[in-house]
> 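Have a look at this one.
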Amino acid sequence: MTKIGIVGCAGRMGQMLVAEVLAGDGLELSGGTERPGGDAIGRDLGEILGRGRLGLIVGGDALALFAASDAVIDFTSPAAAAVHAQLAAETRTAYVVGTTGLAADQEAALRQAATRTAVVWAPNMSVGVNLLFSLVEQMAGLLDPATYDIEILEMHHRHKVDAPSGTALGLGRAAARGRGVELDAVWQKSRDGQTGPRRAGDIGFATLRGGDVVGDHKVVFAADGERIEIGHKASSRQVFAKGAVRAARWACGRPPGLYAMKDVLGLA
Ligand code: NAD
């Protein structure tokens, strides 16, 4: 049995992940943690999911969970992910990170952990979006930047706290790679007021928030006289949870390194 732990187990994604591990062949849920002082601490994990007692109590001791697991999945917060990365390295536990909005030093913590254990880090764990990353990179490489402007539009539910979404930035990175440039040299993360005309070669972002939208992304290649639009709509968080559990199975026993979903899915 492969033992999988879930940090942030009471969150929107955390609950999905717990259910996915419980349903997975050959998988054992090694436990779940929550934010210290959080309401879920001390409660039974099954009761949080509304499915009766499982006999697994939500704890606050992440080190113990990493030590008891073959892989740990993290959909929490950027600050928590940076701490969890250190614990993954210390215990040499495979670590799957879906958390988005990481600052440069928090990303550095993941890279550091990846020198000691297998880390799968992906802003979006769905098969569809990872295929979209590849297609966008290919299209951006084929379409002349002087003719085609790239704009990325995303919409998420009202609770999301980072913007643009990690997936939108991932799509931007894929487009920039296709054009052979660095995203942070060309990105326009938002526009407001007297912005002046659009600079050729920029990659623009637009962010919408509202309702219960799980995740919509669209990449627009706009030229004079035509537009090409390619996108993805997630209607259930289950696609992310299934991808993360697949990544956790894949990462167990891998050599240390920083991996992406395209490695897990064989799209690399
Ligand atoms: P959420 O707020 O519902 O859940 C986060 C949970 O983490 C909360 O329950 C919170 O209490 C817990 N948490 C915070 N700090 C913790 C700590 N130190 N230890 C343990 N638990 C801690 O948010 P969500 O909608 O589930 O999203 C979580 C993250 O996952 C966000 O960054 C989101 O953007 C990202 N996300 C990624 C994907 C993907 O496919 N990669 C998909 C959906 C969401």
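Order of appearance sets the numbers: ligands from 1, and atoms from 1 within every ligand. One is the number of the first residue; the rest follow in order along the sequence. Side-chain atoms are counted along with the backbone in the values below, which use heavy atoms only and exclude waters and symmetry mates.
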> Just which atoms of ligand 1 are under 4.0 Å from any heavy atom in Lys160?
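That gives atoms 34 (O) of ligand 1.
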> Short list, please: which atoms of ligand 1 are under 4.0 Å from a heavy atom of Ala80?
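Per the distance check, 15 (N), 16 (C), 17 (C), 18 (N).
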> Linking Ile, Leu, Val, Met, Phe, Trp and Tyr through side-chain heavy atoms less than 4.5 Å apart, which residues share a cluster with Leu258?
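Besides Leu258, the cluster holds Val7, Leu63, Leu65, Phe66, Val72, Leu87, Tyr95, Val97, Leu102, Leu110, Val119, Trp121.
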> Would one find an N or O of Met125, backbone or side chain, under 3.5 Å from an N or O of ligand 1?
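Yes, since at least one N or O of Met125 sits under 3.5 Å from an N or O of ligand 1.
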> In terms of residue, atom name and distance, what is the protein heavy atom nearest to atom 27 (O) of ligand 1?
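Going by distance alone, atom 27 (O) of ligand 1 is nearest to Met13 CG, 4.5 Å.
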> Find all atoms of ligand 1 within a distance of less than 4.0 Å from any non-hydrogen atom belonging to Phe240, and give their numbers and elements.
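Here the atoms of ligand 1 in question are 40 (O), 42 (C), 43 (C).
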> Below a 4.0 angstrom heavy-atom separation, can you tell me which part of Ser165, side chain or backbone, both or neither, approaches ligand 1?
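No part of Ser165 is near ligand 1 at this cut-off.
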> Report the hydrophobic cluster partners of Met155, with the cluster defined as I, L, V, M, F, W, Y residues connected by side-chain heavy atoms closer than 4.5 angstrom, directly or transitively.
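Reading the cluster by chain and number, Met155 sits alongside Leu153, Leu208, Val213.
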> Nearest protein heavy-atom contact for atom 12 (C) of ligand 1: which residue, which atom, what distance?
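Heavy-atom neighbour on the protein nearest atom 12 (C) of ligand 1: Glu34 OE1, 3.4 Å.
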> Look at atom 34 (O) of ligand 1 and say which protein heavy atom is nearest, naming residue and atom and giving the distance to 0.1 Å.
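The answer is Thr100 OG1, 2.6 Å.
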> Any ion pair linking Arg177 and Glu182 (charged N to carboxylate O, less than 4.0 Å)?
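No, no charged N to carboxylate O under 4.0 Å.
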> Which of the numbered atoms in ligand 1 are below 4.0 angstrom from a heavy atom of Pro123?
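Close to Pro123: 38 (C), 39 (C), 40 (O), 41 (N).
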> Would you say ligand 1 has an N or O under 3.5 Å from any N or O of Gly98?
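Yes: some nitrogen or oxygen of Gly98 is under 3.5 Å from one in ligand 1.
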> Answer with yes or no whether Ala122 contacts ligand 1, where contact means a heavy atom under 4.0 Å from a ligand atom.
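Yes, Ala122 has heavy atoms under 4.0 Å from ligand 1.
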> Can you check whether Val245 reaches Leu27 side chain to side chain, under 4.5 Å on heavy atoms?
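Of all side-chain heavy-atom pairs linking Leu27 with Val245, at least one is under 4.5 Å.
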